[in-house]
Visitor: 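Below you will find the structure I want to go over with you.
Only heavy atoms go into these numbers, but all of them, side chains included; no hydrogens, no water, no symmetry mates. Values in this document were obtained by computation on a predicted structure and should not be read as measured data.
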Amino acid sequence: MLSKKTKYAIKALVALGKNVEKPPMQISKIAEEEHIPKKFLEQILLDLRNAGFLYSKKGAGGGYSLNKKPEEILLVQVMRVTDGPIAMVPCASLNFYHKCDECVDEKTCGIRSAFIDVRDATLKVLSETSIADVIGREDNLKLGLNNI
């Protein structure tokens, strides 16, 4: 299941992606528009800034803006920054691998094999979907069009 942290991060990036040609957005405005608790959003935006997705400006006219184009920010990158591994079991993770404590032989483990397939399918979608794609999907849904 998608964590609230990741969902809020994506919502904030979408809001900033829609605001790309405008002045930086203040945290309070993003929090209000996207229904995200302000304190939680502050930490999320700091993590996204530290990962290089956002630029922040202090003072009058300050706030956050994208440091990359919406087309360059992939959901897989956001998820790894906010939640870490994509795989549902640690032995199937590419970047955060560790052996399961209860596993006798991971080479013949059917659970691991199945969840490697799940990981690969999930990675395919997340690696091909950008913040710009999410914005496009929202626009299409508002128009009553299919996502595809």
Visitor: Hey, mind stepping through D47 and T82 against side chain to side chain contact (heavy atoms under 4.5 Å, CB included) and telling me if it holds?
Guide: CA-CA 8 Å; D47 290 344; T82 55; 5.8 Å; no
Visitor: How close do A12 and L41 get, heavy atom to heavy atom, and via which atoms?
Guide: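 Smallest heavy-atom distance, with atoms named: CB-CD1, 3.9 Å.
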Visitor: Using a 4.5 Å cut-off on heavy atoms from C-beta on, say whether the side chain of Y64 contacts that of P24.
Guide: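 P24 does not reach Y64 side chain to side chain.
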Visitor: For I86, is there any backbone N or O sitting under 3.5 Å from a side-chain donor or acceptor partner on R80?
Guide: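 The answer is no, because no donor-acceptor pair under 3.5 Å joins these two groups.
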Visitor: Of all heavy-atom pairs between S127 and L74, which one has the smallest distance, and what is that distance?
Guide: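 Heavy atoms of S127 and L74 come nearest at O-CD1, 3.5 Å.
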Visitor: Check whether any side-chain N or O of E33 sits under 3.5 Å from a backbone N or O of I30 as a donor-acceptor pair, and report yes or no.
Guide: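 Checked: no pair found.
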Visitor: Looking at OG1 of T122 and CE of M79, how far apart are the two atoms once the value is rounded to the nearest 0.5 Å?
Guide: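 Here the interatomic distance stands at 8.0 Å.
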Visitor: Does CD in Q26 sit with more than 12 non-hydrogen atoms of other residues, nucleotides or ligands closer than 6.0 Å?
Guide: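 Open.
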Visitor: Quick check: are there more than 12 heavy atoms from other residues, nucleotides or ligands sitting under 6.0 Å from NZ of K58?
Guide: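 Counting neighbours around NZ of K58, 12 or fewer heavy atoms of other residues, nucleotides or ligands fall under 6.0 Å, so no.
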Visitor: Hey, what do you get for CD (E102) to SG (C109), rounding to the nearest 0.5 Å?
Guide: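 With rounding to 0.5 Å, CD (E102) is 8.5 Å from SG (C109).
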Visitor: Same cluster for V76 and I116 if Ile/Leu/Val/Met/Phe/Trp/Tyr side chains link at under 4.5 Å?
Guide: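 No, V76 and I116 fall in different hydrophobic clusters.
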Visitor: Working note: E71 + D133, criterion side chain to side chain contact (heavy atoms under 4.5 Å, CB included); need CA distance, chi angles, decisive distance, verdict.
Guide: CA-CA 7 Å; E71 299 81 16; D133 295 324; over 6 Å; no
Visitor: Return yes if some donor-acceptor pair links the side-chain N/O of R119 with the main-chain N/O of A92 below 3.5 Å, else return no.
Guide: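 Side chain of R119 to backbone of A92: a pair is present.
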Visitor: Rounded to the nearest 0.5 Å, what separates atom SG in C91 from atom CD in E106?
Guide: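 Rounded to the nearest 0.5 Å, the SG-CD separation comes to 5.5 Å.
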Visitor: Specify the closest pair of heavy atoms between V78 and A9, including all atoms of both residues, with the distance to one decimal.
Guide: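 In this case the closest contact between V78 and A9 is CG1-CB, 3.9 Å.
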Visitor: What distance do F115 atom CZ and C100 atom SG have between them, rounded to the nearest 0.5 Å?
Guide: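 Going from CZ on F115 over to SG on C100, the span is 10.5 Å.
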Visitor: Nearest 0.5 Å, please: how far is NZ in K68 from CG in L13?
Guide: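 If we round to the nearest 0.5 Å, L13:CG and K68:NZ are 11.0 Å apart.
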Visitor: Check the hydrophobic clustering (I, L, V, M, F, W, Y; side-chain heavy atoms under 4.5 Å; chains of links allowed) and say if V14 and L2 are grouped together.
Guide: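 Yes: a chain of side-chain contacts under 4.5 Å links V14 to L2.
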Visitor: For the CG atom of N67 and the CD atom of E72, what is their distance to the nearest 0.5 Å?
Guide: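 Reported value, rounded in 0.5 Å steps: 9.5 Å.
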Visitor: Other residues, nucleotides and ligands only: do more than 12 of their heavy atoms fall within 6.0 Å of NZ on K7?
Guide: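 No.
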Visitor: Is L126 atom CG crowded by more than 12 heavy atoms from other residues, nucleotides or ligands, each under 6.0 Å away?
Guide: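 Atom CG in L126 is crowded, with more than 12 foreign heavy atoms closer than 6.0 Å.
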Visitor: Which heavy-atom pair separates I135 from K18 by the least distance, and what is that distance?
Guide: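 The pair with the smallest heavy-atom distance is CD1-N, 3.9 Å.
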Visitor: Answer whether the closest heavy-atom distance between the side chains of K69 and V20 falls below 4.5 Å.
Guide: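 Sidechains of V20 and K69: no contact.
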Visitor: Less than 4.0 angstrom from a charged side-chain N to a carboxylate O is my criterion; do K38 and E32 meet it?
Guide: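 E32 and K38: not salt-bridged.
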Visitor: Before we go on, tell me: are the rings of F40 and Y8 under 6.0 Å apart, centre to centre?
Guide: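 Ring centres of Y8 and F40 closer than 6.0 Å.
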Visitor: Run through L66, I73, L46, I44 and flag the one making a side-chain contact (heavy atoms from CB on, under 4.5 Å) with L54.
Guide: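 For L54, the side-chain contact (heavy atoms from CB on, under 4.5 Å) check succeeds only for L66.
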Visitor: Is any side-chain heavy atom of Q77 closer than 4.5 Å to a side-chain heavy atom of V81?
Guide: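 No, side chains not in contact.
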Visitor: Could you check whether any side-chain heavy atom of V89 comes within less than 4.5 Å of a side-chain heavy atom of R112, counting everything from C-beta outward?
Guide: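 No, every pair of side-chain atoms sits at 4.5 Å or beyond.
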Visitor: Go through I131 and L75 one step at a time and tell me if the side chain to side chain contact (heavy atoms under 4.5 Å, CB included) criterion holds.
Guide: CA-CA 7 Å; I131 294 300; L75 294 184; 4.1 Å; yes
